[in-house]
Amino acid sequence: MSQATPDQALAQIKRLCSDLVTEDELRKRLEISAEKGERLRVKFGIDPTFTDVHLGHAVPIRLLRLFQDLGHLPILLLGDATARLGDPTGRNDQRPPLTQEEVEHNAATYLDQIGQILDLDPARCELRRNSEWFGEMDFFDALRLLGRGTVARLLERDDFRKRMDQNLPIHLHEMMYPLMQGWDSVMLEADVELGGNDQLFNLHMGRLLQEREGQRPQICLTTPLLLGTDGRKMSKTYGNHVPLNGEPADVYGKVMSLGDEPMADWFRLATGLEDAEIDAILAGHPREAKGRLAWEVVAGLQGAEVADAAATAFTNQFKHKQLPDDIPEVGLEQDTLALPQLLKGAGLCPSTSEARRMIQQGGVRIDGEVEKDLGRELSLPTEGEGILIQVGKRKFARVRRG
RNA sequence: GGGGAGAUACCGAAGUGGCCAAACGGGACGGACUGUAAAUCCGUUGGCUCAGCCUUCAGAGGUUCGAAUCCUCUUCUCCCCA
């Protein structure tokens, strides 16, 4: 058990919270836990429907970590059963159902990434899968569970409501999700369930079902949404996410491409810094603050050394306009070829049309010199480092024959 | 089972016989500037052997000199009624 008093713990938890149902219940349960020396069972579920976990997903995981540090028991629930049905959240389209193999693969990848934040030691964390109980359920059990919900109640859910308004499809099995998620809480006898901002409804369902089963209803905690680099909700579909397993340089760069306004949120939700320190940083120069933010994010995932290296590389490349250290080398089969073809062949542009645009807009450099001639023919050297080609500020390659 | 509405490029959304490779907004990309891959401004945003050509507006046919636009069938979605 940690040294924090229940009140201190509550304050730390609330700092990362958007909704808390209810604060009184949580306080009481923290007090009882402290008295009896019992760990609270804190559930967080994640459906292994795709492979990348991003910084937005990390917010509830950080909160889970906080509970762990406060001496409670995180229960990481892999929704392998729910994942196999397809995931209705996020986008308005349902995701295709996955095979068991895909689910297993995703689950393994998830654990790797989550392990960067949470201590997965079995003594400190319970790892469960909801196929444990859903795998055993027969159709009649399922119907009984479905009977616990009503259409009107389900339509209260924001996501469903919106789709109704936009005349978008809602599939029948999607109605199962809140119920399944709620049933997970029953089976796990959760004291607390965490989730993103959009999960509040599903979390409530857990309370409801637990009450009906004669359990103490869980406390629902949602974390604020971390916005993506473009200010919209962070999502892989928008391409505005920062993947937890991304290249350090890429993660660092993505954080640097953030606007100034969202920095405060990012500091609070994506780093482990204290409020006072964050305020001090934000009071300084925005450029320095963002650099610190990027450093903290990378360091939090990969450690201080990696973060230092990423910071140095970034400064060199963008402030001092130096070449990056690791420029990919590409070998092409032709002796000579026109510039647009070369850019495409080297993988610097997806099409020759795109390549031509880049050239015309002055975004292409050959050995450091801007080249605007579309018809420029280049002969590739067979030896040595090759021709240095640069497209925009971020794409580099050394090209030679091979 | 009946009636109605709809499917447009990465996303949202115009267009309803030629002036449409398709307005506009977002995103993305390039350039300038800078405090950074911030902000702002300018530009680009189907492909190609690129002043020309080729393939796109859910899919398949058809009408027409000419179709994203009209007709038929198919697939999918939404609404109303039963």
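Lettering of chains follows the sequences in order, A, B, ..., and the numbering in each one begins at 1.
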Categorize [X] for me: base, sugar-phosphate, or nothing, with a 4.0 angstrom heavy-atom threshold over every strand shown.
X: Gln360(A); value: nothing
X: Arg232(A); value: sugar-phosphate
X: Leu258(A); value: sugar-phosphate
X: Lys393(A); value: sugar-phosphate
X: Gly362(A); value: sugar-phosphate
X: Lys344(A); value: sugar-phosphate

Rounded off to whole Å, could you give me the [atom1]-to-[atom2] distance for the [X] and [N] pair?
X: Ile359(A); N: C29(B); atom1: CD1; atom2: C1'; answer: 15 Å
X: Lys254(A); N: A28(B); atom1: NZ; atom2: P; answer: 10 Å
X: Met256(A); N: A39(B); atom1: CE; atom2: P; answer: 12 Å
X: Lys372(A); N: G43(B); atom1: NZ; atom2: P; answer: 15 Å
X: Arg287(A); N: C33(B); atom1: CZ; atom2: C1'; answer: 16 Å
X: Gln390(A); N: G31(B); atom1: CD; atom2: C1'; answer: 13 Å
X: Glu261(A); N: U36(B); atom1: CD; atom2: P; answer: 17 Å
X: Arg356(A); N: C50(B); atom1: CZ; atom2: C1'; answer: 4 Å

Pairing check on [N]: which nucleotide meets the Watson-Crick or G-U wobble criteria with it, both distances under 3.5 Å?
N: C41(B); answer: G31(B)
N: C70(B); answer: G62(B)
N: A23(B); answer: none
N: U49(B); answer: none
N: A7(B); answer: U75(B)

Of the options [options], whose atoms approach the side-chain atoms of [X] most closely?
X: Phe314(A); options: A38(B), U44(B), A37(B); result: A37(B)
X: Glu354(A); options: C29(B), A37(B), G35(B); result: C29(B)
X: Asp250(A); options: U36(B), G35(B), A37(B); result: A37(B)
X: Met358(A); options: U36(B), G47(B), C29(B); result: C29(B)
X: Asp230(A); options: U36(B), A37(B), A28(B); result: A28(B)

hbond_proxy [X] side chain to [N] base (donor-acceptor, 3.5 Å cutoff):
X: Gln361(A); N: G43(B); value: yes
X: Lys319(A); N: U36(B); value: no
X: Asn240(A); N: G26(B); value: no
X: Ser353(A); N: C50(B); value: yes

Could you tell me whether the side chain of [X] and the main chain of [Y] form a donor-acceptor pair under 3.5 Å?
X: His320(A); Y: Gln322(A); answer: no
X: Gln210(A); Y: Gly182(A); answer: no
X: Asn130(A); Y: Ala81(A); answer: yes

Practice task
State which residue, out of Arg39(A), Lys43(A), Arg29(A), fulfils the salt bridge (charged side-chain N to carboxylate O under 4.0 Å, His left out) condition with Asp191(A).
Solution key: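 That would be Arg29(A); it is the only one of Arg39(A), Lys43(A), Arg29(A) passing the salt bridge (charged side-chain N to carboxylate O under 4.0 Å, His left out) with Asp191(A).
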Nearest-Å distance once atom [atom1] is located in both [N] and [M]:
N: G61(B); M: A68(B); atom1: P; answer: 15 Å
N: C71(B); M: G17(B); atom1: P; answer: 11 Å
N: C24(B); M: U72(B); atom1: P; answer: 34 Å
N: A21(B); M: C54(B); atom1: P; answer: 12 Å
N: U45(B); M: A22(B); atom1: C1'; answer: 13 Å
N: G47(B); M: C41(B); atom1: P; answer: 27 Å
N: G25(B); M: G46(B); atom1: P; answer: 15 Å
N: G4(B); M: G27(B); atom1: C1'; answer: 35 Å

Practice task
Would you kindly compare Tyr252(A) and Gln341(A) by the position of their nearest RNA chain B nucleotide and give the one closer to the 5′ end?
Solution key: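 Looking at RNA chain B, the more 5' nearest nucleotide goes with Tyr252(A).
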Fill in the blank from the handout: Judged by nearest nucleotide, the residue sitting upstream toward the 5' end of RNA chain B, Ser257(A) or Pro350(A), is Ser257(A)
Exercise for the section: Please lay out, stage by stage, how Glu193(A) and Ser185(A) fare under the test side-chain hydrogen bond (donor to acceptor under 3.5 Å, both in side chains). Expected result: CA-CA 8 Å; Glu193(A) 178 167 8; Ser185(A) 292; 3.0 Å; yes
Practice task
Look at Ser351(A) and G46(B) and indicate whether a side-chain polar atom (N or O) is within less than 4.0 Å of OP1 or OP2.
Solution key: no
Practice task
Give a yes/no answer on whether the side chain of Arg357(A) brings an N or O atom under 4.0 Å of OP1 or OP2 in G30(B).
Solution key: no
Problem - Close side-chain approach of Arg41(A) and Val192(A), heavy atoms under 4.5 Å - result: no
Practice task
Check the surroundings of atom CD in Glu377(A): do more than 12 heavy atoms from other residues, nucleotides or ligands lie under 6.0 Å from it?
Solution key: yes
Exercise for the section: In plain terms, say whether Arg365(A) and Glu371(A) are close enough for a salt bridge, that is, a side-chain N and a carboxylate O under 4.0 Å apart. Expected result: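 Between Glu371(A) and Arg365(A) there is no salt bridge, as every charged N stays at least 4.0 Å from the carboxylate O atoms.
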